[in-house]
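Since the model is a prediction, treat every value here as computed from it, not as a measurement.
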Amino acid sequence: MDMKSNQSSPVLTDPTPINKSRLGIRSSLFPRSQQSGTPFSSGLYIPIPRKKPGKLDDVRSNGWLDAMKSSSPPRKKAIKDFNFVLASDDTDTAYSSWMVSYPSAISSFEQISNFAKNKKIAVFLDYDGTLSPIVDDPDRALLSDEMRSAVRDVAKYFPTAIISGRSRDEVYKLVGLAELYYAGSHGMDIVGPVRNVSTYHTDCIKSTDPQGKEVNLFQPAREFLPMIDEVFRALVETTKDIKGSKVENHKFCASVHYRNVDEKNWPTIAQYVHDILMNYPRLRLTHGRKVLEVRPVIDWNKGKAVEFLLESLGNPSL
């Protein structure tokens, strides 16, 4: 088994057939209703008619549009994205209310420092909106030299990992620091330190990274790759005439960005995604910051990726 790379993170190449026992995927990763689902297709693209949606009752009744409009924390410069105008005081109130539920680590740094005394520290960072700014074009969300230097300094003292919705290869290229650990596709593609992990991950693959360092490679949604590729191509085809839309393949998930789409076209793009997912009951939709994300229906996320990395680091109760 080889790990190949070309100025990117390790890529697994394995010609043998994929099965759940080899991957260490327990049936409990799948909801009961999905455990006995139909087999994946052979990878053939399922054509979806690109007809214009009618009344769009589906995406309105299921709350998709409301979620699309509220997928980002309220900011003054983003008020134009809403269907109504907020006065400055109302904007401040909305932002303050959001911060109560999602407090800033920077403003709580002293409290965190006190809590961390006499404890082992590991640092887990997101990429977009954390190490890089949220920008209109995700391809331009670049890491500054100052931020890269700061992350490199942190990694000298604490085990540090980047956990991103982007593909692992992509976020590795953007960050460019070999001394870190990386988890892409919302934690469904992990490269971490080699250490014995629980029987829950018995088929975690041991290999080496481009620098020759031994690593663990864990991909709990690996058998979904053909399905995600089908959906990606379907999304590209159906949304290609919607100005400002952008579809990305993040290996184990697909993203439809609508940040640069005229708001009057949001219902259309939502309905297109909805119609495609009707053909894939083993995939689900989640909402990010002005992005619709299609992911496998498995019990895995960034939080579980953090737990996996903590266990790999030898700190299961950190």
*asked:* Please evaluate residues Val191 and Leu217 with respect to the criterion side chain to side chain contact (heavy atoms under 4.5 Å, CB included), reporting the C-alpha separation (whole Å), side-chain torsions for both, the decisive distance (0.1 Å), and the verdict.
replied: CA-CA 5 Å; Val191 164; Leu217 177 66; 3.8 Å; yes

Over all atoms of both residues, closest heavy-atom pair of [X] and [Y]:
{"X": "Leu309", "Y": "Gly192", "value": "CD2-CA, 3.8 Å"}
{"X": "Cys253", "Y": "Arg295", "value": "CB-CG, 4.0 Å"}
{"X": "Arg289", "Y": "Ile134", "value": "NH1-CG1, 3.4 Å"}
{"X": "Tyr172", "Y": "Leu177", "value": "CE1-O, 4.3 Å"}
{"X": "Gly187", "Y": "Lys302", "value": "N-CG, 4.5 Å"}
{"X": "Pro133", "Y": "Ala141", "value": "O-CB, 4.0 Å"}

Can you tell me how far the [atom1] atom of [X] sits from the [atom2] atom of [Y], to the nearest 0.5 Å?
{"X": "Asn301", "Y": "Ile163", "atom1": "CG", "atom2": "CD1", "answer": "10.0 Å"}
{"X": "Leu292", "Y": "Trp266", "atom1": "CG", "atom2": "CH2", "answer": "10.0 Å"}
{"X": "Leu277", "Y": "Arg284", "atom1": "CG", "atom2": "CZ", "answer": "11.5 Å"}
{"X": "Ile162", "Y": "Phe124", "atom1": "CD1", "atom2": "CZ", "answer": "10.5 Å"}
{"X": "Glu223", "Y": "Phe252", "atom1": "CD", "atom2": "CZ", "answer": "10.5 Å"}
{"X": "Lys251", "Y": "Asp189", "atom1": "NZ", "atom2": "CG", "answer": "4.5 Å"}

Evaluate the side-chain proximity of [Y] to [X]: yes if any heavy-atom separation is below 4.5 Å, no if none is.
{"X": "Leu235", "Y": "Val273", "result": "yes"}
{"X": "Ile205", "Y": "Asn216", "result": "no"}
{"X": "Leu125", "Y": "Thr160", "result": "yes"}
{"X": "Lys304", "Y": "Met188", "result": "no"}
{"X": "Val175", "Y": "Tyr182", "result": "yes"}
{"X": "Ile190", "Y": "Gln219", "result": "no"}

Are [X] and [Y] joined in one hydrophobic group, where the rule is that I, L, V, M, F, W and Y side chains link up if heavy atoms are under 4.5 Å apart?
{"X": "Val135", "Y": "Val247", "answer": "no"}
{"X": "Met278", "Y": "Ile276", "answer": "no"}
{"X": "Leu143", "Y": "Val123", "answer": "yes"}
{"X": "Phe158", "Y": "Leu131", "answer": "yes"}
{"X": "Tyr157", "Y": "Leu180", "answer": "yes"}

Flag, side chain of [X] to backbone of [Y], donor-acceptor distance under 3.5 Å:
{"X": "Ser107", "Y": "Ser104", "value": "yes"}
{"X": "Arg148", "Y": "Leu174", "value": "yes"}
{"X": "Thr239", "Y": "Ile242", "value": "no"}

*Not counting sequence neighbours, list each pair that qualifies as a side chain to side chain donor-acceptor pair (under 3.5 Å) and has a residue in residues 127-141.*
Asp128-Arg166, Asp139-Lys246

*Please lay out, stage by stage, how Leu283 and Ile228 fare under the test side chain to side chain contact (heavy atoms under 4.5 Å, CB included).*
CA-CA 9 Å; Leu283 299 179; Ile228 292 296; 3.9 Å; yes

*Please work out whether the ring planes of Phe308 and Phe218 are parallel, tilted or perpendicular, with thresholds of 30° and 60°.*
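Parallel: the ring planes of Phe308 and Phe218 meet at under 30°.
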
*Flag for Glu293-His250: side-chain donor and acceptor within less than 3.5 Å*: no

_Stepwise side chain to side chain contact (heavy atoms under 4.5 Å, CB included) check, Asn114 with Gln111_ = CA-CA 5 Å; Asn114 291 333; Gln111 179 182 355; 5.6 Å; no

*asked:* If you count every heavy atom of other residues, nucleotides or ligands that lies below 6.0 Å from Glu179 atom CD, does the total exceed 12?
replied: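 Yes, because the 6.0 Å sphere around CD of Glu179 holds more than 12 heavy atoms from other groups.
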
*Can you check side chain to side chain contact (heavy atoms under 4.5 Å, CB included) on Tyr258 and Asn265, steps first, answer last?*
CA-CA 9 Å; Tyr258 58 90; Asn265 291 324; over 6 Å; no

*Under 4.0 Å between a Lys/Arg side-chain N and an Asp/Glu carboxylate O for Arg233 and Glu230?*
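No, this pair does not count.
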
